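Bear in mind that the values here come from a model prediction, so they are computed numbers and not experimental data. Just the heavy atoms: all of them, side chains too, but no hydrogens, waters or symmetry mates, feed the values below. Letters go in sequence order (proteins before strands), and every chain restarts at 1.
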There are 2 protein chains.
Amino acid sequence: MSEGQATALPPPNERPTLKTIAFMTGLGITTVSRALKDAPDISAETKERVRLVARQIGYQPNRAGVRLRTGKTNVISLILSLEEEIMGLSSPMVIGISEILATTQYHLVVTPYRAQGNALDPVRYVLETGAADGVIISRTEPKDPRVALMMERNFPFATHGRTEMGLTHPYHDFDNERFAYEAVRKLVERGRKRLVLLQPPPYLTFYLHMRAGFEKGIRDFGATALPFSQVNLDTSLVDIRKAAETMLDGPDAPDGIVSGSGSGAVALVAALEASGRKLGHDVDLVSKESHMLLQWLRPEVVTMREDIRLAGRELAKAVIARIEGKPPAELQTLSYPIPTE
Amino acid sequence: MSEGQATALPPPNERPTLKTIAFMTGLGITTVSRALKDAPDISAETKERVRLVARQIGYQPNRAGVRLRTGKTNVISLILSLEEEIMGLSSPMVIGISEILATTQYHLVVTPYRAQGNALDPVRYVLETGAADGVIISRTEPKDPRVALMMERNFPFATHGRTEMGLTHPYHDFDNERFAYEAVRKLVERGRKRLVLLQPPPYLTFYLHMRAGFEKGIRDFGATALPFSQVNLDTSLVDIRKAAETMLDGPDAPDGIVSGSGSGAVALVAALEASGRKLGHDVDLVSKESHMLLQWLRPEVVTMREDIRLAGRELAKAVIARIEGKPPAELQTLSYPIPTE
DNA sequence: CTGTGAAACTGTAACGATACAGGTCTTTTG
DNA sequence: CAAAAGACCTGTATCGTTACAGTTTCACAG
């Protein structure tokens with residue numbers, strides 16, 4: 001063949017490709033490709049010309065082509081557990097992530113998984129099929145096999161929640177220790193002494209944090225911790241309510257409660273009121289809260305906000321930075337409880 | 001070349017491809033490809049052999065390869081408005097969709113858009129770049145430009161909500177007319193006569209439905225409709241509360257309210273109680289509700305559930321069926337208010 | 001006037017899959 | 001027994017992009 005690529009074929013009238021631009025500019029496909037990525041061996045004038053035409057005809061690189069050739073998917077995979085979905089945490093999270101991704105070439109693929117035991121499956125899927133350039137996971141455990149796996153494969157990811165394996169990886173976390181500590185302080189300030197914690201499921205890392213903050217608060221502010229571990233934040237609201245009612249009828253009834261989630265607090269409020277207690281009078285409740293419902297319907301509940309949308313933004317920024325090679329140690333952020341008054 | 005494809009190259013030790021299977025079975029790549037799609041010109045024995053090897057080595061087709069060659073993306077795009085996200089509707093929706101997609105080869109890509117005016121942008125993006133095989137949209141308008149565009153291009157989609165353009169397309173919708181009608185009935189049964197509706201924004205199709213049901217109820221059950229259109233379900237809760245307080249102080253104060261959403265109802269409850277009224281005594285409130293919180297904290301509010309997760313499932317099934325060529329007329333479903341007692 | 005080197009551009013092959021147009025055999029048909 | 005008709009398998013080209021290894025041109029040194 002003596003003819004160049006550029007004149008090889010008038011491109012069809014479909015979606016423009018590099019070939020289209022090559023034809024229009026009279027350049028080779030390779031040149032166009034390199035011009036668009038600002039390669040050093042293309043003249044400034046050519047680059048300008050190519051960019052102009054590309055913009056003019058609305059060229060957008062074919063993702064499948066890029067992906068096939070380079071392996072780059074331009075996809076971030078958000079791996080969610082249905083528990084989160086049900087707690088309504090995922091919605092603002094998705095917004096937050098999207099806010100960041102919208103300014104980039106990345107798409108967001110959402111992959112939920114069912115039971116707790118399957119948490120590894122979606123991660124393995126991404127690793128094996130190269131379905132994404134980066135992954136966001138949440139509900140981390142102290143020894144999290146997903147983290148171990150992705151670290152071992154040197155695959156970019158960020159976690160919502162910390163781990164305790166001595167591995168340095170990107171994360172964003174809410175300071176649950178601080179939350180519980182401040183919650184205890186607020187209760188003691190209101191004269192409460194006999195406290196319980198509606199805590200996260202024990203296998204998750206933030207259980208340790210929240211527990212630690214709670215117990216430190218108990219010590220520092222001189223209160224008593226009562227047991228309440230038959231249920232946790234993953235338990236159904238109905239069961240939380242039942243367990244709370246049983247507790248409130250028993251000898252170890254608390255006068256102050258810390259709830260690790262807003263929906264848990266709703267169940268607790270129901271139980272408290274069913275037992276004839278009056279919030280803010282006989283008993284106080286401090287709760288983490290992500291929507292505003294509690295504040296409206298039970299302003300007596302003391303709430304501290306966790307900004308999940310912010311978490312989404314931070315996590316998205318972190319994975320992308322990780323993909324771009326930034327060291328994990330620089331991609332660890334913490335957010336703090338926001339008082340709602 | 002006298003050598004066949006099969007013996008061309010021992011495949012590398014990476015992820016298996018058709019070439020890997022071809023090498024292992026001694027067949028040609030084409031044969032393997034056709035065997036896996038159960039083509040008629042491959043012998044039963046060969047197919048079995050190929051399938052066995054494929055399963056054994058965990059072959060999964062490279063999505064980029066398929067997509068580049070065939071244009072099939074195996075992606076469903078969920079296009080969300082941030083309003084929905086904020087109302088928390090998207091979370092169960094995503095679960096529902098995922099439940100269905102998990103049984104297929106489809107991935108779910110979530111694309112939110114910002115303001116109302118940009119609703120068309122993500123749809124255009126998908127159409128122009130072929131980013132997905134099908135689209136799910138919500139918040140439909142009577143004359144919805146997104147629907148018109150996708151119909152014109154004959155692109156598979158399903159809508160959450162109906163349209164009124166004389167175009168037959170797949171949809172799933174909640175029967176908001178029935179909801180409002182039954183809500184009025186319940187209020188009148190409780191002796192309420194002067195009613196208002198916290199309604200959807202007027203440009204959405206379900207405004208028409210809810211309004212129609214409300215007004216029919218007013219006529220059929222002999223009540224009076226009072227105006228309350230300064231705010232709607234998209235208004236911030238703070239503003240809804242303010243508007244409700246103003247209304248309750250005025251001469252046109254209602255004794256019964258229908259709320260088109262659970263979060264709207266929270267603002268209304270706050271306003272009612274601020275005005276010194278007692279729910280179920282001075283005034284009654286019937287609300288649609290998707291989470292269970294209202295029921296717990298204000299059991300006096302009469303609620304009817306809308307199952308968003310079901311909607312997600314129906315919509316996913318509908319797009320996929322549409323992609324597979326099923327006629328749109330057979331892909332229209334309605335769900336009905338679920339009494340919560 | 002040849003040789004060298006830099007600047008600017010380009011062709012080829014390949015990523016993995018599939019559409020299409022052949023190939024080989026073997027079996028059937030007249 | 002030649003020809004036609006299956007049955008079954010396979011090579012080539014291609015989707016859009018990029019890595020890589022050139023090629024062309026021109027200025028300038030020797």
Does anything in residues 44-55 of chain B reach DNA chain D, meaning a heavy atom under 4.0 Å, and if so which residues?
B/Thr46
Between D/dT10, C/dT10, D/dC8, which nucleotide gets closest to the side-chain atoms of B/Thr30?
D/dT10
Rounded to whole Å, please give me the gap between NZ in B/Lys19 and C1' in D/dT10.
15 Å
Do you know which two heavy atoms are closest between B/Thr168 and B/Met151, and how far apart they sit?
O-CE, 3.4 Å
Does the base of C/dT18 carry an N or O that pairs as donor and acceptor with the side chain of B/Arg69 under 3.5 Å?
yes
Among the nucleotides D/dT18, C/dT10, C/dA17, whichever has the atom closest to the side chain of A/Leu18 is D/dT18
Take atom CZ of B/Arg15 and atom P of C/dC15, then tell me their distance rounded to the nearest Å.
14 Å
What is the distance, to the nearest angstrom, from the CD1 atom on A/Ile21 to the C1' atom on C/dC9?
16 Å
Mind checking the CD-OG1 spacing from B/Gln60 to A/Thr129? Nearest 0.5 Å is all I need.
6.0 Å
Nearest-angstrom distance from the residue atom CD1 of A/Ile57 to P of D/dG16
13 Å
Regarding B/His169 and B/Thr163, do their side chains bring together a donor and an acceptor under 3.5 Å, going by distance alone?
yes
By side chain to side chain donor-acceptor pair (under 3.5 Å), which residues pair with B/Tyr59, not counting sequence neighbours?
none
Measure the distance from CD1 on B/Ile29 to C1' on C/dC15 and round it to the nearest whole Å.
12 Å
For DNA chain C, whose closest nucleotide is more 5', that of B/Arg34 or that of B/Ala64?
B/Ala64
Measure from CD on B/Glu14 to C1' on C/dG16 and round the result to the nearest Å.
14 Å
Most 5' of B/Ile42 and B/Thr70 on DNA chain D, judged by nearest nucleotide:
B/Ile42
Once the angle between the rings of A/His107 and B/Tyr125 is folded into 0 to 90°, is it parallel (under 30°), tilted (30 to 60°) or perpendicular (over 60°)?
perpendicular
Are A/Lys37 and D/dT18 close enough that a side-chain N or O sits under 4.0 Å from OP1 or OP2?
yes
Just call it for B/Asn62: base, sugar-phosphate, or nothing, with non-hydrogen atoms closer than 4.0 Å on any strand.
sugar-phosphate
Without decimals, in angstroms, what is the distance between A/Leu68 CG and C/dA14 C1'?
9 Å
Establish whether the base of D/dC8 is bridged to the side chain of B/Asp41 by a donor-acceptor pair shorter than 3.5 Å.
no
Does A/Ser43 make a side-chain N or O approach to OP1 or OP2 of C/dA8 shorter than 4.0 Å?
no
Consider only side-chain N and O atoms of A/Ser33 and A/Thr30, and report whether a donor and an acceptor are under 3.5 Å apart.
no
What residues, two or more places apart in sequence or in another chain, satisfy side-chain contact (heavy atoms from CB on, under 4.5 Å) together with A/Val66?
A/Pro61, A/Thr70
Closest-nucleotide ordering on DNA chain D, the 5'-leading residue of B/Val32 and A/Tyr59:
B/Val32
Looking at A/Asp307 and A/Arg309, is there a salt bridge between them, counting it only when a charged N and a carboxylate O are closer than 4.0 Å?
no
Separation of D/dT18 P from A/Asn74 CG (nearest whole Å):
11 Å
